[in-house]
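Please read the structure below before turning to the comments.
Nothing here was measured: the structure is a model prediction, and the numbers come from that model.
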Amino acid sequence: PITRALISVSDKAGIVELCTYLASKNVELLSTGGTAKKLRDAGLTCIDVSDYTGSPECLDGRVKTLHPKVHGGLLGVRGNAQHEKDMADNGIG
């Protein structure tokens, strides 16, 4: 099952509805800048990506999600013992 979703969009049309549905399925929401603000303004709980990764946004917000904790979760192969060990060892979940 999906337990966490990274939400970062420029066109925010429909994003509150999508995230309301995800939250109703107990999906933890990670988000960035204006998207996080939009979700919070709608009463949704989300974690700033910078809080999750421990790295601040930089370069005028252009670098937000370029971090092993984000990309490791995207690129790691579930069921691959070495990948799962690397992910566990590095706090990627």
Side-chain angles (χ1 to χ4, degrees):
I2 296 172
T3 58
R4 184 177 295 132
L6 173 60
I7 310 295
S8 183
V9 296
S10 57
D11 180 354
K12 295 172 183 39
I15 198 64
V16 169
E17 293 80 6
L18 171 64
C19 289
T20 298
Y21 173 78
L22 292 172
S24 77
K25 301 298 180 186
N26 297 315
V27 175
E28 180 180 57
L29 304 173
L30 300 178
S31 194
T32 60
T35 304
K37 181 180 181 332
K38 175 94 173 168
L39 298 178
R40 288 189 185 109
D41 288 350
L44 292 166
T45 299
C46 65
I47 298 169
D48 286 318
V49 169
S50 59
D51 290 338
Y52 177 72
T53 63
S55 296
E57 290 185 18
C58 61
L59 303 177
D60 297 323
R62 293 179 185 173
V63 177
K64 305 172 192 184
T65 61
L66 297 175
H67 191 279
K69 286 185 82 173
V70 174
H71 285 86
L74 295 171
L75 299 173
V77 177
R78 310 263 183 222
N80 177 310
Q82 185 60 53
H83 284 208
E84 288 186 0
K85 179 182 182 316
D86 290 344
M87 291 168 65
D89 290 349
N90 290 286
I92 298 168

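- Panel note: side chain D48, backbone S50; no donor-acceptor pair is recorded below 3.5 Å.
- Between the CD1 atom of I7 and the CG atom of L29 there is a distance of 6.0 Å, given to the nearest 0.5 Å.
- For the atom pair T3 OG1 and K25 NZ, the distance stands at 15.0 Å (nearest 0.5 Å).
- Atom CG in L44 sits 6.5 Å away from atom SG in C19 (nearest 0.5 Å).
- Residue V16 is grouped with residue L22 when hydrophobic side chains (ILVMFWY) are merged at heavy-atom distances under 4.5 angstrom, including chains of intermediate members.
- To the nearest 0.5 Å, atoms OG1 (T32) and CG (L39) are separated by 9.5 Å.
- For the pairing with I47, the side-chain contact (heavy atoms from CB on, under 4.5 Å) check across V49, D51, T45 returns one residue only, D51.
- With hydrophobic clusters built from ILVMFWY side chains whose heavy atoms lie under 4.5 angstrom apart, V27 shares a cluster with L18.
- Remark: K37 NZ is loosely packed, at most 12 non-hydrogen atoms of other residues, nucleotides or ligands lying under 6.0 Å away.
- Side-chain atoms of S31 come within 3.5 Å of backbone atoms of A36 as a donor-acceptor pair (strictly under, hydrogens ignored).
- Note that the OH atom of Y52 and the CD atom of E28 stand 7.5 Å from one another [nearest 0.5 Å].
- Note on I2: it clusters hydrophobically with I15, by side-chain heavy-atom contacts below 4.5 Å among ILVMFWY residues.
- In terms of modelled atom types and a separation under 3.5 Å, the side chain of E84 and the main chain of R78 share no donor-acceptor contact.
- Minimum interatomic distance between H83 and V77 (heavy atoms only, all atoms of both residues): ND1-N, 2.9 Å.
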